[in-house]
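Take a look at the structure below.
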Amino acid sequence: MDDTTRRVADLLQFMGQLLEIRGEDAFKIRAYYRAADQISRLAQPISGMSEADLLGIAGIGKHITRKIQEIIANGTFRELEEVRQGIPATLLELLNLEGVGPKTVSKLWQQMGIVTIEDLEKAARSHRLRALRGFGERKEQDILKSIEMYRQKGTRMNRLEADRIVARVASALKDAPFDTAGSYRRGVSTVGDIDITTTATAAVINPRLRAIADEIIDEGEKRTSFRCQGQRVDIRFTKPAEYGTMLLYLTGSKEFNIHLREIALSRGMKLNEYGIEERRGGVLRTFETEEAVFAFLGMTPVPPELRENRGEIERAFIHNLPPLIERADIQGDLHVHSDWSDGQMSLEELARRGEQAGYRYLLCSDHSATLGVAHGLSAERVKGQGKEIERINRTSSCTILTGIEVDIMADGNLGLPNTVLGDLDLVIASIHSGFKQERDVLTRRLLKAMENDHVDIIGHPTGRLLGERPPYDVDLGRVLDVAADTHTALEINASPYRLDLDDGPVRQARDRGIRLAIGTDAHDPAELTHMIYGVTIARRGWCGPADILNTRELRDLLGATT
DNA sequence: GCCGTTTTCGGCCCGACTGTTTTCAGTCG
């Protein structure tokens with residue numbers, strides 16, 4: 001997203017938060033949040049959009065359009081500046097505390113003069129909070145605990161961590177039937193908490209959960225929340241007859257649920273986690289499966305990965321959802337390292353692992369020599385590796401493709417000469433250094449690499465490491481333009497530590513007909529199994545088999561990239 | 001503030017759980 005679009009979304013979000021603290025009408029607040037959300041997922045820069053374009057976006061009307069125009073022209077809007085005058089900026093941070101919402105913040109501020117987390121901590125420690133109406137000893141303790149949690153900053157889990165927690169909870173549930181839901185089920189690249197629904201009863205399950213919980217947050221007949229290995233887990237207990245609507249509700253996303261419920265409402269039906277009822281005193285109709293709910297509403301079932309209210313609901317009503325890629329469509333892995341650079345697998349092992357995975361091919365893409373730490377390959381060693389691969393391929397049903405993950409250096413030149421690159425089956429070009437360069441410099445490095453005829457794929461195009469390093473500052477719009485022009489594929493790096501590109505840009509690339517390549521970037525055998533994470537991101541980006549290079553047969557693949 | 005196949009006014013997704021309460025407000029998902 002470009003800076004201006006980002007700023008518009010941020011300021012509308014900010015306005016919503018300020019209005020919350022002021023205790024304004026909840027629907028007005030929601031309107032700002034909704035507008036901010038819509039803008040943050042725009043595929044194009046907002047500054048290029050006309051007034052009519054803006055008004056065409058659901059949830060953006062006359063007033064917010066004017067404010068957007070003001071932000072584009074002046075960097076802010078008058079009403080926001082007026083509202084923020086009266087409210088200390090530090091108050092917003094208090095909203096990050098679990099159990100502390102706008103009403104509480106407002107009360108703390110107006111009745112006790114509390115404006116920072118430090119103020120709040122002091123007041124709670126000296127037992128002054130309990131003087132407020134609606135506060136007691138328990139609440140003081142809870143607030144202190146929330147402050148501690150916030151300072152430890154529980155970050156979102158990557159998929160691998162989430163898988164571990166799910167496995168742990170599954171072991172406690174034993175034979176009880178259950179499904180994961182929430183962002184985990186939708187396949188989001190990082191997961192905030194684990195949502196689970198089960199038809200087993202609370203009476204049976206709650207005691208088992210206590211055995212694996214660090215802490216029980218709250219415990220009930222219908223829902224139990226607890227912390228497991230530092231992460232929050234929510235379990236909903238469901239009757240089998242109501243399982244379909246419960247799973248649908250718990251899977252979300254929130255925006256998907258709201259939109260679907262609005263549509264149900266407009267047809268005189270109320271949809272919740274227990275079923276669907278006629279709005280005027282009808283009986284509750286229940287559904288055992290999600291498919292049954294979708295069928296009743298007249299929709300094609302929406303795969304969980306698509307449930308983000310990005311147009312999939314409308315498409316499901318006209319039975320026109322895109323075909324999505326499946327794990328079984330994958331014919332090979334297009335990014336693997338061997339022990340010729342920093343990987344652990346020999347070339348023989350690569351071939352064997354590829355056969356075991358049922359792959360037709362694997363792209364051996366070791367680092368080029370410029371990347372000192374990775375024992376990268378010189379021009380000479382590239383040749384040597386090629387001979388070795390040729391030998392192994394004679395007896396392997398999984399063809400090892402010769403390749404390289406060549407460095408895009410600080411000046412945009414590549415780490416190996418064209419004469420070397422030209423002899424390889426496929427070339428990935430990636431940035432591994434100079435992350436802090438100016439946006440324009442970084443962007444031009446990528447563009448220059450794409451314009452090289454020998455470069456087939458751009459590896460981990462934004463360079464992010466989830467929870468560790470933000471994406472580098474590139475103009476993704478320009479990258480997509482040039483990728484389309486030069487027929488360069490962009491990678492969906494399937495490593496759970498990267499997932500780069502993520503679903504948003506994948507969708508944009510896919511909509512523009514840009515080809516995508518899924519690679520695990522495996523350095524050891526276990527990492528070859530990460531392919532599923534990449535496939536999931538592709539699905540979230542609305543990709544079908546035809547959008548992904550490595551669904552192709554070998555001959556087709558090489559034909560497409562020469 | 002947005003929006004319209006009951007509406008240009010009067011709705012806006014819906015429910016669980018907790019703490020501090022004597023019936024509910026606040027928060028969360």
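The chains referred to below are lettered A, B, ... by the order of the sequence lines, with proteins before strands, and numbering in each begins at 1. Computed over heavy atoms, backbone and side chain alike; hydrogens, waters and symmetry mates excluded.
In this view, Y472(A) and F435(A) satisfy the ring pair (Phe, Tyr, Trp, His ring centres under 6.0 Å) rule, not counting sequence neighbours. Qualifying ring pair (Phe, Tyr, Trp, His ring centres under 6.0 Å) partners for Y533(A), counting only residues two or more places apart in sequence or in other chains: H530(A). With sequence neighbours left out, F287(A) forms a ring pair (Phe, Tyr, Trp, His ring centres under 6.0 Å) with F296(A). For the side-chain hydrogen bond (donor to acceptor under 3.5 Å, both in side chains) test, residues two or more places apart in sequence or in another chain that qualify with R22(A) are E24(A). In this structure E79(A) satisfies the side-chain hydrogen bond (donor to acceptor under 3.5 Å, both in side chains) test together with K67(A), sequence neighbours excluded.
When the nucleotides dG1(B), dT20(B), dC12(B) are ranked by their closest atom to the side chain of R30(A), dC12(B) comes out on top. Nearest to the side-chain atoms of E262(A) among the listed nucleotides dG1(B), dC13(B), dC14(B) stands dC13(B). Taking the side chain of H63(A) as heavy atoms from C-beta on, and the options dC14(B), dC2(B), dC13(B), the nearest nucleotide is dC2(B).
Counting non-hydrogen atoms under 4.0 angstrom, L260(A) reaches nothing in the nucleic acid. Looking at heavy-atom distances under 4.0 Å, I258(A) makes contact with a base.
For dT8(B) and dG15(B), the C1' atoms lie 32 Å apart once the distance is rounded to whole Å. A distance of about 24 Å separates the C1' atoms of dG1(B) and dT5(B), rounded to the whole Å. Across the C1' atoms, dA25(B) and dT20(B) are found 10 Å apart, a figure rounded to whole Å. Taking atom C1' on both dT21(B) and dG26(B), the two are 13 Å apart, rounded to the nearest angstrom. Rounded to whole Å, the C1' atom of dT7(B) lies 13 Å from the corresponding atom of dC12(B). On the C1' atoms, dC13(B) is 16 Å away from dC2(B), given to the nearest whole Å.
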Base-contact (B) and sugar-phosphate-only (S) positions in nucleotides 21-29 of chain B, heavy-atom cut-off under 4.0 Å, - elsewhere: S----SSSB

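Atom-to-atom, NZ of K28(A) to P of dC2(B) comes out at 10 Å; the value is rounded to the nearest Å. Taking atom CG of L265(A) as the reference point, atom C1' of dC3(B) lies 13 Å away to the nearest angstrom. Atom CD of Q141(A) and atom P of dT18(B) are 16 Å apart (whole Å). In this entry the distance linking CG of L248(A) with P of dC14(B) reads 14 Å, nearest Å. Summarising the geometry, the separation between CG on L129(A) and C1' on dG19(B) is reported as 14 Å, rounded to the nearest angstrom.
The side chain of Y274(A) contributes an N or O atom lying less than 4.0 Å from OP1 or OP2 of dA16(B). Between dC13(B) and H259(A), no contact under 4.0 Å exists linking OP1 or OP2 to a side-chain N or O. When the side-chain nitrogen and oxygen atoms of N257(A) are compared with OP1 and OP2 of dC13(B), none of them lie within a distance under 4.0 Å.
S126(A) places a side-chain N or O within 3.5 Å of a backbone atom of K122(A) that can act as its donor or acceptor partner.
Contacts of residues 208-222 of chain A with DNA chain B (heavy atom under 4.0 Å): D218(A), E219(A), G220(A), E221(A), K222(A).
Donor-acceptor pairing under 3.5 Å is lacking for the side chains of T190(A) and N158(A).
Glycosidic conformation, dT7(B): syn, with the torsion inside 90° of 0.
With a 3.5 Å ceiling on both atom-pair distances, dT8(B) lacks any Watson-Crick or G-U wobble partner.
For R285(A) and Y274(A), the positive end is not near the middle of the six-membered ring at less than 6.0 Å and at most 45° from its axis.
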Under 3.5 Å, side-chain donor or acceptor atoms of residues 321-329 of chain A against the rest of the protein: list the pairs with distances, not counting sequence neighbours.
residue : atom : partner : partner atom : Å
R327(A) : NH2  : Y359(A) : OH           : 3.2
D329(A) : OD2  : E326(A) : N            : 2.7

Residues 209-222 of chain A, side-chain donor-acceptor partners within the protein, below 3.5 Å, at least two apart:
residue : atom : partner : partner atom : Å
R210(A) : NE   : E219(A) : OE2          : 3.0
R210(A) : NH2  : E219(A) : OE1          : 3.1
R210(A) : NH2  : E219(A) : OE2          : 3.2
D214(A) : OD1  : Q229(A) : N            : 3.3
D214(A) : OD2  : Q229(A) : N            : 3.0
D214(A) : OD2  : G230(A) : N            : 2.7
E215(A) : OE1  : R227(A) : NE           : 3.2
E215(A) : OE2  : K145(A) : NZ           : 3.2
D218(A) : OD1  : R223(A) : NH2          : 3.4
D218(A) : OD1  : S225(A) : OG           : 3.4

